[in-house]
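Structure first, then comments.
Within every chain, numbering begins at 1; the chains are lettered A, B, ... in the order of the sequence lines, protein sequences first and strands thereafter.
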Amino acid sequence: MPKVVELSWTKVGWRNLRRNPKRTLITAGGLAAGYFAVVFMGGWTGGIKEELIENATSLVGGQLEVHHSNYLPDKNFYDTIGGRGGVDVLEILETVDADPAVLMSAPRVYAGGLISSGESTSAAMLVGIDIQREIRVSRFLDQLILGRVADTGSAELMLGAEAARQLEVEVGEEVVLVAQGADGSLASGLLTLVGVFDTGLPELDSGMAVMPISDLQDLIVLPKSRIHEIAVAAQNPADADATARRLEAALAGFVGDISGGCGLRSAVRQHELDNCRNRLHGRRVWCCKHHGVGDGRAQEGIRCHACDWGDSALGCRSRCRRVPYDWSGKPCDRIIGYIPADDLVARGATESRLALRKHDDGGCSDFPQAAHCLRGALVDPVSCGSAPDDHRGCSIPGDQCCTHLPGRHAVRTMTSVDGQSTLSGPGTWRVLAILALRNLRRNVRRTVLTAIAMILGGIMLILAFSMSDGGQEMWIGEAARMGSGHITIEHPDFRTASRIDNLIPKDVGETVLEVLSLPEIARLVVGGSARISVSGLATSAAGARPVRISAVEPEAEATLSGIDARTVKGRYLEQEDGELAYVGEQLASNLRLDPGSKFVVQAEDTNGEIASELLRVAGIFRSGVAEIDQVTVQIPLATADAWLGADGGVSNFKLVLVHSSLVPGAVAAIEDALDQRGSLGHVSVLGWKEANPALASVIALDDFSGWIVQVLLFTIIAFAIMNAVLMSVLYRQREFGILRAIGLMPGQTGALVLIEGMVLTLASGLIGVGLGTLLVWYFFGDGLDLTGLMDQMTFSGVMIEPVIVPEFRPERFVHSLGLIFVVGMISSVYPAARAARIEIVEVLQFDR
Amino acid sequence: MRRVSAVLRAFLTLLAVPASAAAQVDPVAIIDAVDRLYRGESSHAVATMEVVTENWERKLSLEVWSLGTEYMLARILFPRKEAGTATLRAENNIWNYLPKVDRTIKIPSSMMGGSWMGSHFTNDDLVKRSRLSVDYEIDIAGETSDPDGTSYWNFSLLPKPDATVVWGHIEYRVRQQDLMPIEARFFDERGTLARTMEFGDFTEFDGQLLPGTLHMRPSDKPVEHTIVRYEKLDFDVDVSRSFFSRRNLKKAR
């Protein structure tokens with residue numbers, strides 16, 4: 001029984017790592033890339049999430065808002081904090097500021113009103129703010145693109161960029177504000193525009209006028225003690241709920257309601273964290289979800305671990321993750337490690353196995369595994385005889401037995417197929433290829449393991465590409481169908497002023513239709529529809545609401561947008577419908593409309609007169625997008641034409657194409673054709689990117705994220721492949737030595753490894769991409785249903801079904817194959833160089 | 001946000017064609033006569049408007065001119081803070097003049113549903129020009145009488161299919177002896193009462209008997225109402241179309 005050297009695990013480990021620094025480096029490189037990817041992706045997605053929360057809350061809202069408990073959702077002007085009597089604003093602000101989680105609070109007053117400059121008048125939300133406090137709570141004042149912040153008491157205000165554009169007013173000019181005062185009077189003020197902000201959010205930029213709070217209170221005759229809202233910036237947006245509860249207690253003396261911003265409510269999670277925090281005396285903790293064994297049974301739950309003082313967040317989190325759950329101190333029941341044994345080396349073997357085996361009594365001890373013939377690495381020459389079938393050391397076709405170190409074991413001489421001892425001549429590459437293939441076949445397990453990395457990579461690439469392409473195409477398609485199409489052809493001024501004046505005249509419209517019927521354009525187009533869009537007022541016995549009236553060609557619109565499928569009551573419009581309307585659910589509810597109910601719409605007609613039309617509700621729809629459901633009235637195009645005197649004119653032509661990738665070509669073709677007919681000056685042809693810049697930027701961000709994920713993924717895979725190929729090279733040093741000994745040149749040895757890598761990469765790439773396509777097609781061909789993970793989401797006025805249908809693009813297959821091939825080849829270069837550099841004598845003396 | 005166009009216009013237009021007292025029981029003729037109480041070539045009135053809401057009460061004194069059904073100019077006389085604030089309705093458009101800032105602004109169509117001068121009338125009410133006898137099918141729903149012997153006709157007004165009116169139906173109560181309107185109740189299509197207009201203080205203005213007060217109550221806010229009281233009312237005054245100009249909107253008459 002050989003003596004087992006007592007070694008600590010650490011020493012054994014270190015020695016192993018030091019023994020082959022390059023291997024260690026490559027393995028470490030792969031792991032590092034993996035860790036980097038995890039941290040980076042965590043940071044990236046976390047960053048995006050925080051950015052979203054930050055944007056959603058800090059731009060205007062603040063992480064917490066304090067209101068009168070009745071203020072939301074209707075935002076009744078008279079529901080100020082503390083009720084009609086108001087509050088001591090300074091005192092309540094100080095109370096809020098006193099909370100340790102609160103960075104700053106800012107009071108606000110809101111009032112609906114009109115802003116007018118000369119001929120233009122538009123409705124606006126007037127917002128009164130305490131500038132000094134506000135700049136520490138929200139960011140919209142950072143977005144001033146022109147001018148400066150308004151001064152208190154100087155009759156100054158700031159406007160959103162879009163509102164300023166619509167009102168045709170510039171910094172330094174005066175505007176009139178009109179609002180209903182708190183006493184019912186018609187309040188008005190002449191204010192100077194001193195600043196223009198551009199937040200990027202249309203609803204803010206086109207509808208918000210901001211001024212010092214006391215100026216607004218004076219204007220609308222609201223006592224200084226009455227404010228609608230306190231916006232609060234909190235240390236940690238994720239803790240907004242806990243802060244809200246503390247503030248609720250602190251503000252019990254004031255009548256109010258505190259809500260966390262951005263839907264951060266998660267009572268259960270917060271409760272558990274709070275418990276942990278209390279138990280751990282307020283120290284910073286990280287909590288993990290565990291599946292563990294405790295008290296003899298499986299448990300699942302939250303465990304929290306205190307961080308040490310000075311721990312970074314990352315350090316603390318990883319400490320949490322490292323806490324063992326289930327196996328500390330338990331008997332081992334499987335091999336958990338290998339150590340080199342010096343005494344065995346001394347006896348001629350470089351390494352042997354020591355295994356930890358479970359004893360019957362439950363304890364563990366080391367003992368050497370019985371030596372046997374492992375690819376020629378013999379402890380005992382006799383053992384070789386006991387493993388006569390072991391051909392794994394043989395490399396040359398025709399060889400039949402193992403080879404052993406000369407002089408130390410019985411050597412059986414190799415015999416090559418053709419009796420030559422050097423490989424050269426025109427057949428060399430063929431032989432190398434045969435050798436490479438044989439090598440791959442010879443150790444199937446190794447080949448398969450290496451191939452799996454690349455196959456998985458291929459599958460993941462196809463999955464990622466097809467899902468991301470499919471998802472994006474769905475977003476774009478949905479936005480195009482519900483909105484203004486992949487391409488919209490409209491009056492050049494319609495985008496900036498969507499008024500009834502800016503219609504495409506009938507004759508130009510006919511030219512457009514003629515162009516669209518050209519075969520080279522028609523084949524790109526799934527369908528198109530014309531519409532007239534105007535703003536107006538809808539009135540029923542229950543009240544009046546501003547609306548967006550879309551006059552459509554019912555059949556074309558239903559086919560393109562599928563909006564008819566969103567009907568919740570009644571039916572969609574039909575071609576021959578006269579004065580029937582299809583209205584959004586929220587609007588119907590506000591005006592108390594049902595199918596059959598009548599209401600009156602009013603809008604400015606082409607003569608500049610306000611024209612009324614009596615409509616009856618044909619159907620009520622729910623798009624899921626609040627902004628659409630609150631304001632949309634669809635009517636047949638012919639009805640609007642007669643009502644508004646459009647005389648065949650339309651606001652825009654909406655075109656839905658076969659695929660979004662056809663847009664640039666189609667736009668160019670349409671523009672060319674219109675140009676030839678002299679009509680290009682009368683219309684503008686816009687692709688979806690121009691018509692919906694918000695969606696375009698999200699798609700760009702999605703693409704960028706996708707590429708980052710792929711780069712990281714393939715860096716990891718590259719390291720894994722390099723590791724596997726290098727291992728196989730190191731493992732076969734002796735074999736390469738023999739090849740060199742029988743006449744292979746160093747370059748040929750390297751080429752052999754490269755050919756192996758190439759064959760492996762190509763085969764794995766094809767299998768991976770093929771398998772990926774099959775898997776994606778089989779499992780998700782009908783769409784990956786994420787309904788369980790998320791509800792319908794809305795974005796940019798588009799409601800998106802949480803079902804992603806993958807899309808396979810030919811160029812993506814080429815990309816994927818190319819990427820896998822390049823990564824595989826690059827990963828094989830170093831092992832090939834390593835194989836080319838071996839010292840024959842040295843490697844023939846040692847097994848590894 | 002409630003529609004009461006016919007009656008509001010009545011108040012705003014304020015011109016009485018001498019009411020034919022002919023008491024023939026022709027419902028269309030009677031309602032038309034009631035409707036035309038305030039219609040005519042031109043008028044000039046001084047009135048007070050008292051608005052009570054959950055949150056505030058206010059009282060305004062107004063001077064109003066009208067020409068036909070298309071033109072109207074109303075100017076606030078009192079309270080002093082708002083004096084000079086004026087509204088011009090010319091055809092379908094409404095402008096407001098704001099003396100404090102010396103500016104005139106046109107009400108955009110999306111804001112036509114907004115309250116006019118804080119009252120329960122909307123801007124949109126000012127521009128409606130439907131005539132009851134044109135837009136509604138009118139029938140006698142019954143007759144009632146008070147214990148003191150005063151008799152009333154109850155009329156039911158059902159909108160004609162194509163009429164651009166929002167009401168489901170209107171119930172009018174008209175005093176038989178002098179054809180004075182007593183009460184108009186406006187219902188939505190479900191038959192729910194939306195608002196009530198009461199007429200009272202019947203007084204002779206310029207030789208013509210007319211309701212001196214209009215009392216408007218929205219049904220969904222029982223504590224709220226708007227009362228208009230006429231103090232002075234002259235008909236066939238000397239105003240021309242050029243009077244109803246944006247330039248004149250600024251001028252104190």
- Donor-acceptor under 3.5 Å (Thr121(A) side chain, Ile107(B) main chain): no

- Message: Has Arg190(B) got a side-chain atom pairing as donor or acceptor with Arg592(A)'s backbone, closer than 3.5 angstrom?
- Response: yes

- Spacing of Thr164(B) atom OG1 and Trp643(A) atom CH2 [to the nearest 0.5 Å]: 11.5 Å

Under 3.5 Å, sequence neighbours excluded: what are the donor-acceptor pairs made by side chains of residues 94-101 of chain B?
| unit_1 | atom_1 | unit_2 | atom_2 | d |
| --- | --- | --- | --- | --- |
| Asn96(B) | OD1 | Thr87(B) | OG1 | 2.9 |
| Tyr97(B) | OH | Asp102(B) | OD1 | 2.8 |
| Lys100(B) | NZ | Ser188(A) | O | 2.6 |

- Task: Go through the structure and list residues passing salt bridge (Lys or Arg N to Asp or Glu O under 4.0 Å) with Glu613(A), not counting sequence neighbours.
- Result: none

- Note on the structure: Checking heavy-atom separations under 4.5 Å from chain B, one finds in residues 220-227 of chain A Val221(A)

- Task: With rounding to the nearest 0.5 Å, note down the distance linking CG in Leu591(A) to CG in Asp188(B).
- Result: 11.5 Å

- Task: Select one option (side chain, backbone, both, neither) describing which atoms of Thr85(B) are under 4.5 Å from chain A's heavy atoms.
- Result: side chain

- Message: Test of understanding: with salt bridge (Lys or Arg N to Asp or Glu O under 4.0 Å), list the residues that count as partners of Arg217(B), not counting sequence neighbours.
- Response: Glu198(B)

- Query: So how far is it from Asp183(A) CG to Glu82(B) CD, rounded to the nearest 0.5 Å?
  - Reply: 7.0 Å

- Measure Pro161(B) against the heavy atoms of chain A and call it side chain, backbone, both or neither at under 4.5 Å. backbone

- Message: Before you tell me yes or no, could you show the steps for Arg103(B) and Ser116(A) under side-chain contact (heavy atoms from CB on, under 4.5 Å), namely the whole-Å CA-CA distance, both residues' side-chain angles and the distance that decides it to 0.1 Å?
- Response: CA-CA 9 Å; Arg103(B) 289 287 192 285; Ser116(A) 173; over 6 Å; no

